[in-house]
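Report on the structure given below.
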Amino acid sequence: MKLFSTSLAVLATLAGYATAFNVNCNSNYASYYGQNSARNQKTLGSYCADATEDVIVLAFMNGFPNIILNFANACETTFEGSSLLHCPNIAADIKFCQSKGKAVILSMGGASGAYGFSSDSQASQFADTMWNMFFKGTAAQRPFDDAVIDGIDLDIEGGGNSGYTAFISRLRTHYASDPSRQYYIAAAPQCPFPDAYLGSTLNNAWFDMVYVQFYNNYCGLNAYPTWFNFADWDNWAKTQSLNKNVKIYIGAPGGPSAASSGYIDGSTLSTIFNAVRSKYTSLGGIMTWDVSQARTSGLAGSIRAMLDAGGSCSSNGGGTTSSTSTTASSSTTTSSSNTASTSSTATTPVYSTANPSSTTTAVSTSSSSSTQPSSSSTPASCPVSGATCSGSQQGCNGQSFALCNQGKWYTSPCTPGTYCYMSGGVATCDWSNGRPTNTCAISGASSFNKRADLTRPPLITAANLRPKPASAIANIPTRVEFVAGDIVDNKYITVVKIQANKSAFTGNWLISFKLPAGQTADSTSRGNLGVNGNTITISSDRNVESLQNMAAFFKITGTFNGQYALPDTASAVFIST
């Protein structure tokens, strides 16, 4: 149960709208919805039917100020004569989620897309557009019809950093015009501090929640406690943020295949979370990417349990709130009974029963998953979809991990290039680093265990570890980063991240850079590798590349002598034709 600062929780109800989410608590759970990351995404309403999540972040508006929305298989219909998505099922589910005491906010940005502002004036005008299309304003075409969202999230991973402070300032002016309910501004920076795109905006605009992505970077959850840097964000919250009561969330991958690095199991996450909660008052809770991953892996249930064990709330205000609005009861209380106590005419919305189709996958997915091994090519003991299992077993089948669901195996592919390995009783997708790639294992039986001889973070050269943004010398302004992956014995994995700043680059691209002394490269997970001394060249495979890209993430593997170091981004050259 959540602990609230008021002795009696009072519902803020207007025409049947009740809010149980309390931004001032350290026991909130936010999860992203819309990109079908686990490839089994259900309707939004089905996730809101229980008390697991407190905040649902709709992902993404990956194009603005020329609006482009993408919710994968959750919405594929458009307004007649327009490319703008029209999502009546999501609209109904937004109302249902809100009736269950959850906040629903819309995320702008993401790893892929054409977005960004050219000026403060353009950004302010777009705030008016947002208010009219998604909040209490009026517009000819509203993607969610008359549903009103509870705020916006900035997940800015490209397109420059101008205009966002002006955008937030103008949007908060609109928020203040409607004192009937509470609205929020959130952000999702990566963990390296300060964030390359949002650093200035975070210092100059009022934020209620900051969902720090503690994954895919040196400072991720998998680097705890040595490089994990929640302390940097807590210090920012208390010394630099305009809102000294802003809440910082621990962002975690929802499943083994949700991120390139940073996934940890529920037990490990609980240990880290409890340590942070005991030390830092800025903590707001946990965020996961994404809800389909976290529900499939079972991590969502573990998160709900750890959040409810000893949570507390402050009395500080957040968002833009009505003078009559206060906190509500625990998120485990449904609003159908709450609403009845305050409004006899209000009815609880019913969520959409239309199942999302399975044909559309996440817009952020860079390539399709590898074909799952067939039962004829793997040992009979491998977990196969539909076969019988028991309890909460997990297992591995080559490039797929398996979870036991109601007595039947459900298999899901690992991220391309990774393979499934058992770590204790947990199935984890990981790079092979020389291990077998046809792992066949079931928890409670013999398995290939994850190697325990990983080089510890202190042995990684600190001076070269932190990612540095670089505008590569190219016809397309691009940001290049190198991120440390697994280091085993004298073998390394380095993740290469290329992101376009403004416009997309074509499927015909090339990047070159210099390796640190003592390193060699022998493979790449994307494109074709060329080696000339310590200069590495990776050219795209035009047969598999998209015609247009806003980002390219991949890994290189090789060996090193002495201490591992990251390539210098100043040596990077990126060309697209």
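Fair warning: this is a prediction, and the values are worked out from it, not measured in the lab.
Taking the six-membered ring wherever Trp is involved, the centroid distance between the rings of Trp131 and Tyr183 falls below 6.0 Å. Two rings, from Trp236 and Phe207, have their centers 6.0 Å or more apart.
Two residues are said to be in side-chain contact when any heavy atoms from C-beta on lie closer than 4.5 Å; Thr77 and Leu85 fail this criterion. Residues Tyr215 and Leu221 have side chains not in contact (no heavy-atom distance under 4.5 Å, counting atoms from C-beta outward). A 4.5 Å side-chain heavy-atom check between Thr494 and Lys555 finds every atom pair outside the cut-off. Residues Cys97 and Leu44 meet the side-chain proximity criterion, which asks for heavy atoms closer than 4.5 Å. Within the 4.5 Å cutoff, side-chain heavy atoms of Asn28 are placed close to those of Tyr249. Annotation: side chain of Phe64 is in contact with side chain of Met108 (closest heavy-atom distance under 4.5 Å). Using a 4.5 Å heavy-atom cutoff, the side chains of Ser282 and Val246 are not in contact. Side chains of Val148 and Arg181 form a contact here, defined as non-hydrogen atoms less than 4.5 Å apart.
Although no hydrogens or angles enter the test, the distance criterion places no donor-acceptor pair under 3.5 Å between the side chain of Lys247 and the main chain of Tyr211. A donor-acceptor pair under 3.5 Å is absent between the side-chain atoms of Arg277 and the main chain of Ser27, judged by distance alone. Here the side chain of Asp234 pairs no donor or acceptor atom with the backbone of Tyr280 at under 3.5 angstrom. In this structure a side-chain-to-backbone donor-acceptor pair under 3.5 Å is missing from Asn26 to Gly285. The backbone N or O of Phe60 lies less than 3.5 Å from no partner atom in the side chain of Ser107, so there is not a single donor-acceptor pair. No side-chain donor-acceptor contact under 3.5 Å links Asn229 to the backbone of Ala231. The backbone N or O of Gly137 sits less than 3.5 Å from a side-chain atom of Arg142, completing a donor-acceptor pair. At distances below 3.5 Å, at least one donor-acceptor pair connects side-chain atoms of Asn204 with backbone N or O atoms of Ser200. Between the side chain of Asn243 and the main chain of Asn245, a donor-acceptor pair closer than 3.5 Å is present. Of the possible donor and acceptor atoms, none in the side chain of Gln213 sits under 3.5 Å from a partner among the backbone N and O of Ala252.
Between atom CZ of residue Phe79 and atom NE2 of residue His86 there is a gap of 4.0 Å, rounded to the nearest 0.5 Å. To the nearest 0.5 angstrom, Cys219 atom SG is 12.5 Å from Phe230 atom CZ. The CG atom of Leu171 sits 8.0 Å away from atom CD1 of Ile168, with the distance rounded to the nearest 0.5 Å. How far CD1 of Ile185 is from OG of Ser169: 10.0 Å, rounded to the nearest 0.5 Å. Rounding to the nearest 0.5 Å places CD1 of Ile56 at 13.5 Å from CD1 of Ile149. Here the straight-line distance linking atom CD of Gln141 with atom CE of Met133 works out to 7.0 Å at 0.5 Å rounding.
The number of heavy-atom neighbours closer than 6.0 Å to NZ of Lys279, taken from other residues, nucleotides and ligands shown, is 12 or below.
Minimum interatomic distance between Ala103 and Asp150 (heavy atoms only, all atoms of both residues): CA-OD2, 3.4 Å. Between Tyr218 and Ala223, the closest heavy-atom pair is O-CB, 3.2 Å. Phe71 approaches Gln41 most closely through the heavy-atom pair O-NE2, 3.7 Å. Contact detail for Tyr184 and Asp208: the closest heavy-atom pair is CA-OD2, 3.3 Å. Here the closest heavy-atom approach between residue Glu157 and residue Gly110 is recorded as CB-O, 3.7 Å. A pairwise comparison of heavy atoms in Gly151 and Tyr175 identifies CA-OH, 3.5 Å as the closest pair.
Considering only residues two or more places apart in sequence or on other chains, Tyr164 meets the ring-ring contact (aromatic ring centres under 6.0 Å, His included) condition with Phe117.
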*asked:* Quick one, Leu154 with Ile152, criterion side-chain contact (heavy atoms from CB on, under 4.5 Å). Give me CA distance, side-chain angles, the key distance, then yes/no.
replied: CA-CA 7 Å; Leu154 296 179; Ile152 62 100; 3.9 Å; yes
_Verdict with supporting geometry, Leu283 and Ile248, side-chain contact (heavy atoms from CB on, under 4.5 Å)_ = CA-CA 5 Å; Leu283 179 67; Ile248 310 298; 5.9 Å; no
*asked:* Determine whether Asn40 and Thr296 satisfy the following criterion, side-chain hydrogen bond (donor to acceptor under 3.5 Å, both in side chains), listing intermediate values before the conclusion.
replied: CA-CA 8 Å; Asn40 61 356; Thr296 300; 2.8 Å; yes
*How far apart are the C-alpha atoms of Asn203 and Ser241, what are their side-chain angles, what is the distance that settles it, and do they pass the side-chain hydrogen bond (donor to acceptor under 3.5 Å, both in side chains) test?*
CA-CA 5 Å; Asn203 289 340; Ser241 173; over 6 Å; no
*Check the pair Asn89 / Thr43 against side-chain contact (heavy atoms from CB on, under 4.5 Å), numbers first and verdict last.*
CA-CA 8 Å; Asn89 288 337; Thr43 64; over 6 Å; no
*Would you check, one step at a time, whether the test side-chain contact (heavy atoms from CB on, under 4.5 Å) holds for Thr201 with Asn161?*
CA-CA 8 Å; Thr201 303; Asn161 56 12; 5.5 Å; no
*asked:* The test is side-chain hydrogen bond (donor to acceptor under 3.5 Å, both in side chains); show your working for Thr288 and Gln293 and say whether it passes.
replied: CA-CA 8 Å; Thr288 55; Gln293 290 271 1; over 6 Å; no
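Judged by distance alone, the side chains of Asp265 and Ser267 never bring a donor and an acceptor atom under 3.5 Å apart. A side-chain donor from one of Gln190 and Asn217 sits under 3.5 Å from a side-chain acceptor of the other. One side chain, Asp153 or Tyr32, offers a donor N or O that lies under 3.5 Å from an acceptor on the other. Side-chain atoms of Gln35 and Asn70 include a donor-acceptor pair closer than 3.5 Å.
Exactly one of Lys102, Lys100, Arg295 qualifies for a side chain to side chain donor-acceptor pair (under 3.5 Å) with Glu53. That residue is Arg295.
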